[in-house]
Amino acid sequence: MSRIDAVCLGETMAVLTSPEALTEGSRLSVGTGGAESNVAVALARLGHRAAWVSRVGDDPFGRIVIAAVARSGVDVRGVEVDPERPTGLYVKDTAPGGAGVLYYRRGSAASVMSAADGEKVWSRGPRLVHLSGITPALSARAAALVEYLLDRRSGDGALRSFDVNHRPALWTAREAAPVLLDLARRADVVFVGRDEAERLWGTPAAEDVRAALPEVPTLVVKDAEHGATCFDGEDTVFVPAPPVDVVEEVGAGDAFAAGFLSGLLDGLPADLRLSLGHATAGEVLRSRGDTLDRVPDEVARMRATVSSESSSGSG
């Protein structure tokens, strides 16, 4: 297999959604949802060679998940089909009075990912490996896999990206806080929400998060509609978030991570990486889907400007 820009590893589930609160006879639509595959899809939309590594069950939901991610241009050859365990499932019951998000992922195919799946990551020779704090909450084996991917430094040259992504439905803040802090400290690039960091580590401001993670080369602290701060080595850059008419928030954080990582892969400075993150997140916030379906106009304009400046400066 040829080298690839980014490999994203993590569970993607089938998603059942109802436009109304769930009752007997509710009509459900079937989709897909997974933080790491969302990042892979967005990176592919943004023109990068991206792959997704995971496991799904040998069932209709697994086939739906693989087909949906592959249609977006993501390489899915590293996805294993498990003949014994099911594809993870979650139900979105988000209408007024609904139950919210209901997970059915205990014992799923992805929960038994192991170091063998890690070897599928290295076989692609990635420039970047993207992981999240969701995977270690799935099982002890999955947690060991994330540690393995973050710790292996045998000259592969890949950057490790880690989105903290604490999911309270999977584990409490008390359980997750020390584990996620330890994993974040091993990464090259870390994404965390300001409110999420405060809930986990008692760090109310971006500077406090930096004090908790001083060894991370590139730390991005997102503060919802206010903006995002990037601590890049000794430099600190804040870029405010442009106003957005929000339709649904699910998937926006993944789109932000993909936009930022796209800029990182392209060698752009921190302010432009943050702007790309805001632009891609805004596109998802304005839609009902979890993934980036099109390249935002702002991204195309930014790239055209950067290309023009590079061309004029090369003469």
Side-chain angles (χ1 to χ4, degrees), residues 3-10 35-36 38-40 42-43 46 48-53 115 117-136 143-166 179-194 196-197 200-201 203 206-207 209-222 228-237 239 253-274 276-277 280:
R3 193 171 194 201
I4 206 159
D5 290 328
V7 176
C8 305
L9 178 143
E36 299 85 2
N38 285 348
V39 174
L43 284 170
L46 293 167
H48 299 281
R49 298 184 63 236
W52 170 56
V53 170
D117 298 282
E119 292 308 311
K120 297 174 188 174
V121 173
W122 304 128
S123 71
R124 307 310 307 275
R127 297 171 58 201
L128 176 89
V129 176
H130 181 71
L131 307 161
S132 91
I134 299 171
T135 304
L145 170 60
V146 173
E147 291 185 8
Y148 165 70
L149 290 170
L150 288 172
D151 286 347
R152 185 183 124 158
R153 300 281 174 170
S154 57
D156 55 79
L159 289 172
R160 271 59 160 191
S161 168
F162 183 73
D163 192 334
V164 171
N165 247 336
H166 173 234
V179 177
L180 294 176
L181 186 65
D182 177 61
L183 293 173
R185 285 172 171 165
R186 306 183 193 200
D188 302 302
V189 183
V190 171
F191 300 93
V192 65
R194 187 207 58 75
E196 175 183 45
L200 289 168
W201 307 318
T203 50
E207 291 74 17
V209 183
R210 185 50 163 173
L213 293 166
E215 60 278 272
V216 175
T218 301
L219 170 65
V220 180
V221 182
K222 303 170 292 179
T229 303
C230 177
F231 298 93
D232 203 19
E234 298 298 319
D235 298 327
T236 302
V237 179
V239 173
D254 306 324
F256 181 95
F260 185 94
L261 293 174
S262 174
L264 183 65
L265 288 166
D266 287 341
L268 300 183
D271 60 334
L272 288 181
R273 285 180 252 153
L274 291 171
L276 283 168
T280 49

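Considering every non-hydrogen atom in both Pro217 and Ala187, the closest pair reads CD-O, 3.7 Å. For the residue pair Leu180 and Gly133, the shortest heavy atom distance occurs at CD2-CA, 3.6 Å. Summarising the geometry of Pro136 relative to Leu183, their closest heavy-atom pair is CG-CD1, 3.7 Å, with the distance given to 0.1 Å. Among all heavy-atom pairs drawn from Ala184 and Val190, the shortest one is O-CG2, 3.4 Å.
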Would you check, one step at a time, whether the test side-chain contact (heavy atoms from CB on, under 4.5 Å) holds for Leu9 with Leu145?
-> CA-CA 10 Å; Leu9 178 143; Leu145 170 60; 3.8 Å; yes

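Scored by the side-chain contact (heavy atoms from CB on, under 4.5 Å) test, Glu215 finds Arg185, Leu213 as partners (sequence neighbours excluded). In this structure, the side-chain contact (heavy atoms from CB on, under 4.5 Å) partners of Ala6, at least two apart in sequence or on a different chain, are Leu43, Leu128. With sequence neighbours excluded, no residue satisfies side chain to side chain donor-acceptor pair (under 3.5 Å) with Asp163. Every residue two or more places apart in sequence or in another chain that forms a salt bridge (charged side-chain N to carboxylate O under 4.0 Å, His left out) with Asp117 is listed here: Arg55, Lys120. With sequence neighbours left out, Arg127 forms a salt bridge (charged side-chain N to carboxylate O under 4.0 Å, His left out) with Asp5. For the salt bridge (charged side-chain N to carboxylate O under 4.0 Å, His left out) test, residues two or more places apart in sequence or in another chain that qualify with Asp188 are Arg153. Residues forming a side-chain contact (heavy atoms from CB on, under 4.5 Å) with Glu119 (at least two apart in sequence, or on another chain): Trp122, Tyr148, Arg152. Among residues two or more places apart in sequence or in another chain, the side-chain contact (heavy atoms from CB on, under 4.5 Å) test is passed with Arg186 by Glu147, Leu150, Asp151, Asp182.
Rounding to the nearest 0.5 angstrom, the gap separating the CG atom in Leu181 from the CG atom in Leu200 is 9.0 Å. Put simply, CD on Glu36 and CG on Asp254 are 7.5 Å apart, with the number rounded to the nearest 0.5 Å. Note that the CZ atom of Phe162 and the OG1 atom of Thr135 stand 8.5 Å from one another [nearest 0.5 Å].
The shortest distance between side-chain heavy atoms of Phe231 and Val221 falls below 4.5 Å. Residues Thr236 and Thr229 have side chains in contact (heavy-atom distance under 4.5 Å, counting atoms from C-beta outward). Side-chain contact between Ser132 and Phe191 is absent, with no heavy atoms from C-beta onward closer than 4.5 Å. Taking the side chain as every heavy atom from C-beta outward, Arg49 and Ile4 approach each other to under 4.5 Å. A 4.5 Å side-chain heavy-atom check between Arg210 and Val216 finds at least one atom pair inside the cut-off.
Glu196 contributes a side-chain N or O that, together with a main-chain N or O of Asn165, makes up a donor-acceptor pair within less than 3.5 Å. Proximity of a side-chain donor or acceptor of Thr280 to a complementary backbone N or O of Ala255 within less than 3.5 Å is detected.
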Pair up each side-chain donor or acceptor in residues 257-274 with any protein partner under 3.5 Å, not counting sequence neighbours, and list the distances.
from   : atom 1 : to     : atom 2 : distance (Å)
Ser262 : OG     : His48  : NE2    : 2.7
Ser262 : OG     : Arg303 : NH2    : 3.1
Arg273 : NE     : Leu268 : O      : 2.8
Arg273 : NH2    : Asp232 : OD2    : 3.0

